[in-house]
Structures are given as C-alpha cells and as structure tokens.
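Everything on this sheet refers to the single structure shown next.
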Number of protein chains: 2
Amino acid sequence: MESVREKLQIFARRFGLLNAACCDECCGEQVSLAQSHILFEIRRSGAPSMQQVAEELGMDVTTFSRQAKGLDAKGLIVRKVSPDDRRVTLLGLTDAGADVLARIDSYMTGRIDQIFASMTDFERETVVRSLGLLNEAVAKAGQVAVQREGVIACCK
Amino acid sequence: MESVREKLQIFARRFGLLNAACCDECCGEQVSLAQSHILFEIRRSGAPSMQQVAEELGMDVTTFSRQAKGLDAKGLIVRKVSPDDRRVTLLGLTDAGADVLARIDSYMTGRIDQIFASMTDFERETVVRSLGLLNEAVAKAGQVAVQREGVIACCK
DNA sequence: ACATTTTATTGCATTATGCAAGTAAGTACG
DNA sequence: CGTACTTACTTGCATAATGCAATAAAATGT
C-alpha cells in the first residue's frame with residue numbers, strides 16, 4: 001500500500017512538472033521556472049528583501065542575486081533601496097512582471113480546474129480544506145523546528 | 001483570500017525544500033536530490049527502462065543518462081540490457097541503493113510525522129484521503145490530456 | 001572610533017541541462 | 001534480403017545554474 005510519504009512525493013513531483021509546463025508554455029521566453037517562483041513570491045509577500053525571498057525559496061542568496069538582476073534587466077521587477085536600512089533591497093513587481101505572473105496564474109488555474117473536474121463537489125471541498133490544513137501544519141512544524149534547532153522549516 | 005493555486009504552489013515548494021533537506025542531511029555525500037528522485041522512481045516502478053523513468057521525472061533523457069551513469073558508478077543502481085529488446089536498459093536498485101533510499105525515506109517520514117503531529121486524527125485522515133484523491137485526479141486529467149493532445153500529463 | 005554583524009554583489013570553479021549528432025537495435029516494406 | 005525508418009540510449013558541446021569564498025557597503029555594539 002502507498003504510504004503518505006509516497007503520496008506526497010508523487011504529488012509534489014507532478015505539480016512541479018505541471019508548473020514547469022505552464023510557465024514554459026505561456027512565458028518561457030520571458031522567465032525561467034525559477035524566476036516565475038520569484039515573481040510569485042514577491043507578489044505574495046508584499047515588498048520583501050532579497051534575503052527574505054531567497055530564504056523562502058530555499059535558494060542561495062548569490063544565485064538569487066543573479067536571478068533578480070536578470071528579472072530587473074527584463075523589466076519585470078524593481079529593486080529599490082530600503083529607506084529604513086540602505087543595505088537592504090526591496091523587491092516589487094513592475095506592471096510587466098505582474099502581467100507575466102498573471103498569465104502563468106491563468107494557465108495554472110486552468111490546469112488545476114481540469115484536475116479538479118473529475119471530483120465531486122464534496123471531494124473538491126475536502127481537498128481544498130486539506131491543503132489549508134497541510135500548509136498550516138507545515139508552518140507549525142517549521143516553528144517548532146526553529147525553536148528546537150534554530151533552523152527554518154526545511155531549509156538549512 | 002488564498003486561492004487553490006496558491007495553496008498548491010506553496011505546499012509543493014515547501015515539500016520540495018523538505019525533500020532536499022532530508023536528502024542532503026542523510027546522504028548528501030552519496031546522492032544529489034535529482035538522483036534521490038531517480039532511486040525513488042526505480043523502486044516505485046519495478047524494473048523500468050531509462051526512458052520511462054526520465055519521462056516520469058520530466059527529465060531530458062540525455063541528462064538522465066548521465067545521472068544514471070553516476071548512480072551506476074556509485075554502485076547504487078544496476079543497468080542491464082533487456083532480454084526482450086537489446087536497445088532498452090532496465091534499471092534496478094542495488095542493496096546499497098535501496099539502503100540510501102531507505103535512509104531518505106526514514107528522514108522524510110520522520111519529518112512528515114512532525115508535520116502531521118499538530119493535527120487531530122480526523123484531520124490527518126482527511127488529508128491522507130485528499131492526497132489520494134488528488135493523485136487520482138491528476139492521473140485522470142493526464143489521461144484526458146493524452147487523448148486530446150497526445151501529451152503526457154504535465155510533461156512536454 | 002573601531003570591531004563585528006548584516007545585506008547584497010562579484011569571481012570562480014563545478015555541476016546540470018539540453019540540443020544536435022552518433023551508434024546500435026529493432027521494424028516495415030519493397 | 002536489403003534498404004529506409006523508427007526507437008533507445010550515449011556522447012560532444014555550449015549554455016545556464018549553483019554555491020562557496022571574497023568583497024563592498026551599511027548598520028550595530030561597546
């Protein structure tokens with residue numbers, strides 16, 4: 001019988017592939033998969049610093065720095081020095097960046113709708129609620145780990 | 001409010017990070033994250049050909065070929081010519097490969113248990129069932145996509 | 001004022017990646 | 001048969017990604 005670990009592994013893998021495919025299909029010319037993650041996270045977290053995003057994505061800051069430079073050069077994000085601390089760079093999406101992300105969103109939600117189409121309303125609801133539970137639980141487990149080991153969730 | 005797309009995105013990302021951390025902590029010396037995925041998939045699918053695994057993982061066959069060579073050199077997998085078709089290489093885990101994978105499994109299940117620890121029994125059950133539903137739904141959506149577009153699920 | 005820490009950037013070497021091309025084995029069809 | 005075509009895998013090569021070490025610049029502590 002299939003373990004929870006296997007279920008999660010397989011689901012995460014497939015979702016990753018779906019994500020890559022969508023990103024590639026709608027804006028492969030403009031952004032790589034990694035860069036699409038960065039756009040997503042910038043939108044999600046307001047006006048984050050480079051470190052914040054890099055850590056959230058589990059990416060080395062140096063790698064992140066280069067990716068951010070690339071996105072800046074393409075006019076998809078803006079980097080401005082924080083007024084509070086001139087060492088930190090605050091990130092934001094440009095209109096073009098928001099557009100690219102919106103296009104990826106739309107592909108993704110389309111595909112996700114296809115996936116959910118084979119479910120009953122009840123199943124759909126259950127699954128969505130479970131995802132919420134799962135994310136909360138991961139966050140909680142992360143906090144515990146920080147208290148115990150001084151480590152953030154899953155990142156080194 | 002958080003969309004399903006966002007929930008999925010975030011969950012998949014965190015799981016990926018967890019996966020990387022576990023793989024790194026217990027056998028970073030022996031296998032890369034990508035290689036751990038390969039071991040996982042070989043075990044999961046019996047005695048697959050190179051192409052099968054590469055496709056399942058959404059990896060280019062040439063990249064896969066090199067990774068497989070590396071795993072073979074480390075004595076973690078065996079590659080033997082198929083008796084049915086001498087072009088195809090059938091993959092299998094060696095004892096050492098199975099051990100490495102078992103170690104990763106054990107780290108992962110430990111972490112997953114931590115995550116599930118903050119849930120009630122009912123929630124846990126619901127989440128597990130939902131993961132099953134989700135994977136089935138992805139598989140179904142994949143089949144539909146094949147019929148319509150001649151494309152496998154999410155891979156190009 | 002000076003040492004320490006923090007944030008971000010660059011140098012450099014290693015690795016991953018994928019396309020194009022090649023080899024070897026199987027298949028189809030005259 | 002044999003010749004053309006397809007399929008499974010491997011290598012060449014060029015490009016992109018990655019991370020550690022070193023650096024610059026700003027903030028903090030004492």
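Proteins get letters first, then strands, A, B, ... in listed order; numbering begins at 1 in each.
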Atom pair distance, as rounded to whole Å: [atom1] in [X] and [atom2] in [N]:
{"X": "B:Leu33", "N": "C:dT15", "atom1": "CG", "atom2": "C1'", "value": "14 Å"}
{"X": "B:His37", "N": "C:dA16", "atom1": "NE2", "atom2": "P", "value": "13 Å"}
{"X": "A:Gln51", "N": "D:dA26", "atom1": "CD", "atom2": "P", "value": "17 Å"}
{"X": "A:Glu55", "N": "D:dG19", "atom1": "CD", "atom2": "P", "value": "14 Å"}
{"X": "B:Leu91", "N": "D:dT10", "atom1": "CG", "atom2": "C1'", "value": "14 Å"}
{"X": "A:Met59", "N": "C:dA8", "atom1": "CE", "atom2": "P", "value": "15 Å"}
{"X": "A:Ile38", "N": "D:dA17", "atom1": "CD1", "atom2": "P", "value": "10 Å"}
{"X": "B:Asp60", "N": "D:dA8", "atom1": "CG", "atom2": "P", "value": "14 Å"}

What I want to find out is whether [X] reaches [Y] closely enough, with some N-O distance under 4.0 Å, to be called a salt bridge.
{"X": "B:Arg129", "Y": "A:Glu123", "answer": "no"}
{"X": "A:Arg124", "Y": "A:Asp121", "answer": "yes"}
{"X": "B:Asp105", "Y": "B:Arg43", "answer": "yes"}

Taking the nucleotide of DNA chain C with the nearest heavy atom to each, does B:Arg86 or A:Gln52 sit closer to the 5' end? A:Gln52
Comparing A:Asp85 and B:Asp84 on DNA chain C - which has the more 5′ nearest nucleotide: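 Its nearest nucleotide lies further toward 5', so the answer is A:Asp85.
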Report the nucleotide, chosen from D:dT10, C:dA8, D:dA26, that has the shortest atom-to-atom distance to any side-chain atom of B:Met50. D:dT10
Looking at residues 61-78 of chain B, who's got a heavy atom less than 4.0 Å off DNA chain D?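 By residue number: B:Thr62, B:Ser65, B:Arg66, B:Lys69.
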Other hydrophobic cluster members with B:Val78, side-chain heavy atoms of Ile/Leu/Val/Met/Phe/Trp/Tyr under 4.5 Å, chained? none
Evaluate the criterion side-chain contact (heavy atoms from CB on, under 4.5 Å) for residue pair A:Glu41 and B:Arg13; output intermediate values, then yes/no. CA-CA 11 Å; A:Glu41 190 53 28; B:Arg13 182 168 75 209; 2.7 Å; yes
Is any side-chain nitrogen or oxygen of B:Arg79 closer than 4.0 Å to OP1 or OP2 of D:dT10?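 Yes, within the criterion.
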A:Gln52 side chain reached by A:Glu56 side chain, heavy atoms, under 4.5 Å: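 Side-chain contact under 4.5 Å: no.
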Under the salt bridge (Lys or Arg N to Asp or Glu O under 4.0 Å) test, which residues partner B:Asp84, sequence neighbours left out? none
